[in-house]
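First listed ligand is number 1; within each ligand, the first listed atom is number 1. Numbering of residues begins at 1 and proceeds along the displayed sequence.
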Amino acid sequence: MPEVNVQAGPRSSVRRPLVGGNWKMNGRTDMARALAADVRRSIGDALQSAEVVVFPPFPYLVHVRDALQSDNDRLAGIALGGQDLSVEDDGAYTGDVSGAMLADVGCGWVLVGHSERRTLHGEDDAMIAAKVRKSFEQGLKPMICIGESLQTRQADKTEAFLAGQLRAVASALTDRKADDFAIAYEPIWAIGTGATATTEQAQRAHAFIRQTLAGSGVDAERVRILYGGSVKSSNATELFGQPDVDGGLIGGASLKASDFVAICQAAAATSVNQA
Ligand code: PGA
């Protein structure tokens with residue numbers, strides 16, 4: 001096993017912090033509009049130092065896009081993303097949504113390989129690699145989610161497992177600009193459970209992911225690696241302060257504007273602090 005850096009230290013200034021808000025299957029029209037408008041109104045200058053993207057359910061993408069427009073009709077700088085995309089383009093694929101459709105309604109990002117897609121919809125590594133390629137083909141930036149189960153962690157197989165998930169997508173990433181995608185490390189045992197990884201567990205996994213990407217010929221120093229799994233405003237600063245944690249993918253806490261904005265501000269502050 002390679003030695004990994006678990007020391008806290010400054011994050012590289014080549015990586016702009018990034019925060020995603022994964023709304024999952026929550027909300028209705030009014031809630032989606034209000035949440036997006038509240039985030040836009042209160043996010044302030046966090047956007048000068050951090051990149052922020054929200055992933056609402058498909059039916060509300062257009063509502064959210066419109067709510068993210070500022071009063072003078074400019075986009076507020078918060079990006080829009082889809083929670084999944086089809087590996088197909090158009091055609092007889094009932095229930096699916098294509099990357100072209102997401103791009104058409106204003107998405108710049110898309111989640112790929114979330115553990116809930118892997119476990120509830122049987123998405124395997126080959127399908128996830130195909131979705132990563134399709135994202136790029138449609139001009140979308142994939143936020144690629146990986147992470148181990150509690151059983152894998154307890155069996156001390158986390159790194160081998162993460163390496164396998166990365167190997168599956170590596171060839172799709174090698175000729176891509178590092179800004180055009182992100183990796184979200186989301187240990188399954190920490191998602192929605194309130195059990196956050198310790199800063200040391202997170203840093204160790206992130207450093208390992210960065211080393212593994214570098215070994216696959218990816219410009220790993222510039223790739224944003226986000227932590228996801230019960231991030232809250234109360235633990236964001238500590239997690240984002242780790243040298244290889246470049247922001248977060250936020251589920252539950254992204255459904256409350258004040259919490260989500262506080263987390264975005266924590267990410268922005270790590271950028272400011274690293275001068
Ligand atoms: P959580 O979800 O923040 O509610 O744990 C994270 C995610 O699944 O992206």
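At a heavy-atom cutoff of 4.0 Å, ligand 1 is contacted by no atom of A184, backbone or side chain.
Annotation for ligand 1: atoms under 4.0 Å from non-hydrogen atoms of N22 are 9 (O). Heavy-atom contacts of H114 reach the following atoms of ligand 1: 7 (C), 8 (O), 9 (O) (cutoff under 4.0 Å). Which parts of ligand 1 touch A190 is read off a 4.0 Å heavy-atom cut-off, strictly below it: atoms 5 (O).
Hydrophobic clustering of Ile, Leu, Val, Met, Phe, Trp and Tyr side chains at less than 4.5 Å, counting indirect connections, keeps W109 apart from F181.
The shortest heavy-atom distance from G20 to ligand 1 is not under 4.0 Å. Residue contact annotation: G192 has a non-hydrogen atom under 4.0 Å from ligand 1. Heavy-atom distances between S230 and ligand 1 reach below 4.0 Å in at least one pair.
Using cut-offs of 30° and 60° for the angle between ring planes, the H206 and Y227 rings count as tilted.
Of the polar atoms of I191, none of the N or O atoms is found under 3.5 Å from an N or O of ligand 1, judged by distance alone. On a distance-only criterion, T193 and ligand 1 share no N/O pair closer than 3.5 Å. For ligand 1, the polar-atom distance check finds no N/O of G229 at less than 3.5 Å from any of the ligand's N/O atoms. No N or O atom of I250 sits closer than 3.5 Å to an N or O atom of ligand 1.
Nearest protein heavy-atom contact of atom 9 (O) of ligand 1 is E186 OE2, 2.7 Å. Among all non-hydrogen protein atoms, the one lying nearest atom 4 (O) of ligand 1 is G252 N, 2.8 Å. Looking from atom 3 (O) of ligand 1 to the surrounding protein, the closest heavy atom is G251 N, 2.9 Å.
Just one residue in the list D125, D84, D96 forms a salt bridge (charged side-chain N to carboxylate O under 4.0 Å, His left out) with K131, and that residue is D84.
In this structure, CG on L61 lies 11.0 Å from CG on D104, to the nearest 0.5 angstrom.
A salt bridge is absent between D66 and R33: the closest approach of a Lys/Arg side-chain nitrogen to an acidic carboxylate oxygen does not fall below 4.0 angstrom. Between R15 and E221 there is a salt bridge, with a side-chain nitrogen of the basic residue lying less than 4.0 Å from a carboxylate oxygen of the acidic one.
Closest heavy-atom contact between A257 and L35: N-CD1, 3.5 Å.
Atom CD of Q138 sits in a crowded spot, with more than 12 heavy atoms from other residues, nucleotides or ligands closer than 6.0 Å.
Taking the centre and axis of the six-membered ring of F136, the NZ or CZ atom of R176 falls inside the cone set by 45° and 6.0 Å.
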I would like to know whether K256 and D38 meet salt bridge (Lys or Arg N to Asp or Glu O under 4.0 Å); could you show each step before the answer?
-> CA-CA 9 Å; K256 197 169 157 209; D38 283 354; over 6 Å; no
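Checking K232, E116, K24 against atom 8 (O) of ligand 1, the nearest heavy atom belongs to K24.
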